[in-house]
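The structure appears below as structure tokens.
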Amino acid sequence: MARSFWLMKSEPDVYSIDDLAADEGQTTCWDGVRNYQARNFMRDSMKVGDQVLFYHSNADPSGVAGIASIAAQAYADPTAFDKKDKHYDAKSDPDNPAWMMVDVKFVKRFSKVIPLSELKTYSQLDGMELLRRGSRLSVQPVEKSHFDFIVKLGAKRPKS
DNA sequence: GCCAACGTTGGC
DNA sequence: GCCAACGTTGGC
């Protein structure tokens, strides 16, 4: 199957693309997802090598901060089994895990975040899930044409 | 900090 | 199965 494209949201106050670039191996496990749609995308459709737009949410400004890739296919999210963890979920059984995560690897940081407000101005991005009114999905598929367009925008960013 | 939009839970 | 109440997300 061909490579797929995704967008994954993170609050930079919690975990930013700079944190990813600084982590050991420039790789992290994407734990804490507790939404079934988002989980299904990670569990059923993400493959090693898939490309990811790294999105900063609840930020100033919110927007696409760079590119990452999928480094490991979905496996059980251990934070669901940890009673002390914020994301603990009694419904997740280690023998039949309810929640899964993938590994995400740093690829590139845009010199400047592409703000959501700017993305909304491009007709080339019409229909993108991120731009749908009321869209909250933290892991979402992206069409190749939309992905390519945003990567080009990112490459053209002037240095801030 | 506000609040609209959405997902989940639980009573019935 | 309906739907009100509640909790969360995330832009602004």
Side-chain angles (χ1 to χ4, degrees), chain A residues 4-23 28-46 50-70 74-104 106-143 146-147 149-151 153-154 156-158 160:
Chain A
S4 303
F5 302 90
W6 307 95
L7 180 143
M8 297 173 90
K9 297 178 182 174
S10 182
E11 301 192 23
D13 290 349
V14 179
Y15 192 84
S16 73
I17 193 158
D18 291 326
D19 294 324
L20 179 61
D23 264 352
T28 192
C29 54
W30 206 261
D31 60 18
V33 171
R34 296 294 179 269
N35 171 282
Y36 289 104
Q37 242 187 309
R39 180 211 58 191
N40 291 347
F41 284 131
M42 291 198 295
R43 185 190 61 188
D44 303 332
S45 305
M46 279 187 174
D50 281 1
Q51 300 291 108
V52 177
L53 296 172
F54 196 108
Y55 183 86
H56 283 175
S57 61
N58 263 318
D60 187 21
S62 292
V64 178
I67 307 168
S69 68
I70 301 302
Y75 56 105
D77 178 346
T79 64
F81 311 135
D82 179 359
K83 282 201 171 74
K84 291 188 290 291
D85 195 278
K86 184 177 176 236
H87 299 290
Y88 172 69
D89 184 356
K91 290 194 306 298
S92 192
D93 175 352
D95 292 329
N96 183 22
W99 300 112
M100 312 283 284
M101 63 187 189
V102 295
D103 284 355
V104 170
F106 176 83
V107 172
K108 176 182 178 173
R109 176 189 187 281
F110 295 156
S111 53
K112 211 171 146 203
V113 169
I114 307 172
L116 178 64
S117 58
E118 182 183 335
L119 295 174
K120 284 176 174 169
T121 66
Y122 298 112
S123 60
Q124 290 92 329
L125 298 178
D126 280 356
M128 195 177 168
E129 166 69 22
L130 179 74
L131 306 181
R132 242 192 58 236
R133 175 179 159 81
S135 167
R136 301 189 317 184
L137 200 52
S138 65
V139 175
Q140 53 181 258
V142 175
E143 288 173 30
H146 293 163
F147 182 90
F149 182 78
I150 290 172
V151 168
L153 284 178
K156 276 190 288 199
R157 292 290 93 174
S160 50

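Note on naming: letters A, B, ... go to the chains in the order of the sequence lines (proteins, then strands), and numbering restarts at 1 for each one.
- The separation between L131(A) atom CG and dC12(C) atom P is 11 Å, rounded to whole Å.
- For dC6(B), the OP1/OP2 oxygens have no side-chain nitrogen or oxygen of Y36(A) closer than 4.0 Å.
- Rounded to an integer number of Å, the gap from D89(A) CG to dT8(B) P is 11 Å.
- Distances shown here put every side-chain N or O of S62(A) at or beyond 4.0 Å from the OP1 or OP2 atom of dG10(C).
- Crowding of D126(A) atom CG: a count of heavy atoms from other residues, nucleotides or ligands under 6.0 Å exceeding 12.
- For dT8(C), neither phosphate oxygen OP1 nor OP2 lies less than 4.0 angstrom from any side-chain nitrogen or oxygen of K86(A).
- Atom CD of E129(A) is separated from atom C1' of dG10(C) by 14 Å (rounded to the nearest Å).
- The CD-C1' distance, from E11(A) to dC12(C), rounds to 14 Å in whole Å.
- Separating the CG atom of L116(A) from the C1' atom of dG10(C) is a distance of 10 Å, rounded to the nearest angstrom.
- Atom-to-atom, CG of D13(A) to C1' of dG11(C) comes out at 15 Å; the value is rounded to the nearest Å.
- The only option from T79(A), N35(A), D77(A), D89(A) that meets the side-chain hydrogen bond (donor to acceptor under 3.5 Å, both in side chains) definition with W99(A) turns out to be D89(A).
- Here dT8(C) presents its P atom at 11 Å from CZ of R136(A), a figure rounded to the nearest Å.
- One can place NE2 of H56(A) at 15 Å from C1' of dG10(C), the figure rounded to the nearest angstrom.
- V104(A) and L20(A) make their closest contact through O-CD1, 3.6 Å (heavy atoms, listed as atom of the first residue, atom of the second, distance).
- If you find the closest nucleotide of DNA chain B to N58(A) and to R132(A), the one lying nearer the 5' end belongs to N58(A).
- Between Q140(A) and L130(A), the shortest heavy-atom contact is OE1-N, 2.9 Å.
- The side chain of K9(A) places an N or O atom within less than 4.0 Å of a non-bridging phosphate oxygen (OP1 or OP2) of dG10(C).
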